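Just so it is clear: chains get the letters A, B, ... in the order the sequence lines come, proteins before strands, and each one is counted from 1. Everything numeric in this text was worked out from a predicted model, so none of it was measured.
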Amino acid sequence: MSKVMIISEKPTAARKIAMALDEQGSPKETKKEKISYFECYRGGDSLVVVYALGHLYELKQTEKGWNYPKMDMEWVPKYEVDKKATNIKRIIQLISRLSKEIDRFVVATDYDIEGSLIGYLTLKYACKTDPNQAQRMLFSTLTKVELESAFDKVSPTLDFPMIEAGQVRHEIDWLYGINLTRALTLAIKNVSGWFKIVSTGRVQGPSLAFVAERNIDTNLFVPIPFWIINIIGSHDGHEFKIEYQKKRVICKSTADSIVSDLQDKYATVKSVRESIITQPPPVPFNLSGLQTEAYRLFRYKPSKTLAIAQKLYLDALISYPRTNSQKIPKTIDLKAILTGLSSMRSYKGIARQILREELKPVQGERDDPAHPAIHPTGERPTRRLTQTERKLFDLIVKRFFALFGKPSKKASMRVDLECGGHGLFLRGLRIIERGWMEYYSPYAYSKEVIIPVISEDAELQLIHVSADEQYTSPPARYNHSSLLKKLERENLGTKATRSSIIDSLKSRGYTIGDNFELSTLGYAVYETLKQYAPQVLSVDMTRHLELEMEAIQKGVRTRNEVLSKARRDLAIILDDFKSKEEMIGASLINGLRRYWREKEVIGPCPKCEDGTLMIIQSPKTGKRFIGCSNYRDKKCDQTFPLPQKGRIVPLQKECPFCGHQMIKIVSRRTWETCVNWTKCLGRAEDLKVLDKKRRRSGVNNGEWSV
DNA sequence: GCAAGGTC
């Protein structure tokens, strides 16, 4: 009997592998302090299934010093770099201890570049065994059949070209990211003494460039006027909107003559066409589907949706959320889930209705080797869910219900009219059968547009006709969701990293607000990189890296060749950068200064009217408050107090009680107030209640001072 | 103090 260690990438996979391979289908799980491993028996061998938690090791510079260039790095346990990664420390210690009595090592991480690298590094550094002696399980789904065959027909060696490609990906990203970030950061520090991290990288760079270029397009945009013809028609005592054949008329005189041609005339119905549109139910949620829908309905960022879903998963309310699948496999006990849901008051009705029929959920296209689509488990919440958790849970349940619905049916009607040589039309939409929309309520949307019953050759009176002047609008700025889609299209980053990389643009201060308006700092960073390191702003860097990785996997190029070339190219950039540090530093500092200034602006001063309210730090006490920009010239003494903790965001609205500027304070709790809260009658009442509560609970995170 | 990539 030999002892075999199987290394998987994550806990859920390890459990499935152990279940599939154990002859009895009941592996023994040994658990201690939230981490575990599995033991099973197969063909006379004893198997130990352990798991990593994604990457256990990461790159770290070999030399000392926070400067650049730094061209040499090594793999170190993640907890050495990130002190909070204590679970990773325990995992490495566990694998290390268990590997001492092992005769044969089998890597069973995800069969992709990162997975192969995770397996390799774990063997080399945690098991301290020779990766050349290890074997590889190859599988694309975690089904019992496939896992058994992957183990019984195990590949005799690791896929070294794949591992090499993975290493190169890490190394190149590290080299460019770390060195260029330090070059930018130190240009500011060496010129001004200020320390502000100014980061960039293979994905951050192009992301900034997308936002910057869109911003420049927006600023250069010249609005062009056009006219829209508004027509109200009347038929049988009903009034309704009629559309002109052309959406936009580009010339005022034409628009005016159309109006005079139509005003108070009668239009003749030329044709009435009706068609039936059937819409099948929506497909099951995978993670990105859930994220898109939660953004559409609740404006939750993808990272927030994932965090909430993760919690619901840990509470056993929903299935594993990090899935790509849009399929509900047959193995899932739909009846049990629906029965479980029917015990909850708000889901009782629909769940019972669905249970009365044959359970055939709609399936989507996309699949995932390890997990089904996101669905409720039918369990009841054992604690009180927060409002956001409730909303997401409800969305997941309702979408699950919708899968069992019938297609919806809508009647679309188009009526074409003619009047004085002009074509006009009206369109209506009527829901005939709600179908699945009944189950997905209130999340399904469909606007009904009711138009009167009109027969051909009928005449409609045009009782109101006017031409409205409008202007073409600039290209829309990115928001979180459109920028995410852009990165997806360009194949930049991965589904796990894109969202947080987008967030970093904001947290670094490159963009302002939810609509990714470029800050002066973002502009300065973009311009600097464009001049001195244009590679890192371009998607070509990723395209090039992809090609190099492919070449390594085909065996036509070596990791060393790729790496030395990258080092040589980078050295030239960094050399140039350093020689122009003063100039680069000066322009970044200029952008940073202006960014800080614009961040401090609250709004116009209500007292002197030509000053600006700013957030000011008292040099004596170090406390912050709002003051007028004319204070320095002793022209205005307007001040308002501020809480000392939390981020201050000026809002685009005025206090309904006193008319002062409203602000939002974002700390552990987000709340809104007007700057005049001490004197504002409406606000003062709210805040007294808040203050009492706070004192009672003994928390003092909202210290106020003037 | 920094990247991008896994995963909790």
For A/Asn179, answer base if it contacts any base atom (sugar-phosphate contacts may also be present), sugar-phosphate if it contacts only those atoms, and nothing otherwise; contact means non-hydrogen atoms under 4.0 Å.
-> nothing
Polar side chain donor-acceptor pair, A/Thr305 to A/Gln291, under 3.5 angstrom = no
Output a table of donor-acceptor pairs, distance under 3.5 Å, between side-chain atoms of residues 568-576 of chain A and any protein atom two or more places apart or on a different chain; print 'none' if there are none.
{"unit_1": "A/Asp569", "atom_1": "OD1", "unit_2": "A/Lys565", "atom_2": "NZ", "d": "3.4"}
{"unit_1": "A/Asp569", "atom_1": "OD2", "unit_2": "A/Lys565", "atom_2": "NZ", "d": "2.8"}
{"unit_1": "A/Asp576", "atom_1": "OD1", "unit_2": "A/Lys580", "atom_2": "NZ", "d": "2.6"}

Touch check for A/Thr200, heavy atoms < 4.0 angstrom, all strands: base, sugar-phosphate only, or nothing?
-> sugar-phosphate
What residues in residues 48-84 of chain A put a non-hydrogen atom under 4.0 Å from any atom of DNA chain B?
-> A/Leu53, A/Gly54, A/His55, A/Glu58, A/Leu59, A/Trp66, A/Lys78
Phosphate OP1/OP2 of B/dA4 contacted by A/Thr494 side-chain N/O (<4.0 Å) = no
If each of A/Arg508 and A/Arg322 is mapped to the nucleotide of DNA chain B with the nearest heavy atom, which maps nearer the 5' terminus, i.e. the 5' end?
-> A/Arg508
For A/Ile374 and A/Ser319, the nearest pair of non-hydrogen atoms, with its separation, is CA-OG, 3.4 Å
More than 12 heavy atoms of other residues, nucleotides or ligands under 6.0 Å from CZ of A/Arg593: is that the case?
-> no
Name the nucleic acid region contacted by A/Gly115, choosing base, sugar-phosphate or nothing; use a 4.0 angstrom heavy-atom cut-off, strictly under.
-> nothing
Looking for any heavy atom pair under 4.0 Å, which part of the strands does A/Ile178 touch: base, sugar-phosphate only, or nothing?
-> base
The nucleotide from B/dC2, B/dC8, B/dG5 with an atom nearest the side chain of A/Gln310 is B/dC8
List the atom of A/Gly201, the atom of A/Pro206, and the distance in Å for their closest heavy-atom pair.
-> O-CD, 3.9 Å
Ranking B/dA4, B/dG6, B/dC2 by distance to the side chain of A/Ile197, first place goes to B/dC2
Out of B/dA3, B/dC2, B/dA4, which has the shortest distance to the side chain of A/Ile501?
-> B/dA4
Are any side-chain N or O atoms of A/Thr511 and backbone N or O atoms of A/Phe516, one a donor and one an acceptor, separated by less than 3.5 Å?
-> no
So, is A/Ser199 near the phosphate of B/dA3, with a side-chain N or O under 4.0 Å from OP1 or OP2?
-> yes
Is the shortest side-chain N/O distance from A/Thr497 to OP1 or OP2 of B/dG5 below 4.0 Å?
-> yes
Enumerate donor-acceptor pairs with a distance under 3.5 Å from any side-chain N or O in residues 528-541 of chain A to protein atoms, sequence neighbours excluded.
{"unit_1": "A/Thr528", "atom_1": "OG1", "unit_2": "A/Ala524", "atom_2": "O", "d": "2.7"}
{"unit_1": "A/Ser538", "atom_1": "OG", "unit_2": "A/Asp540", "atom_2": "N", "d": "2.9"}
{"unit_1": "A/Ser538", "atom_1": "OG", "unit_2": "A/Asp540", "atom_2": "OD2", "d": "3.4"}

With a non-hydrogen cut-off below 4.0 angstrom, is A/Arg498 in contact with a base, only sugar-phosphate, or nothing?
-> nothing
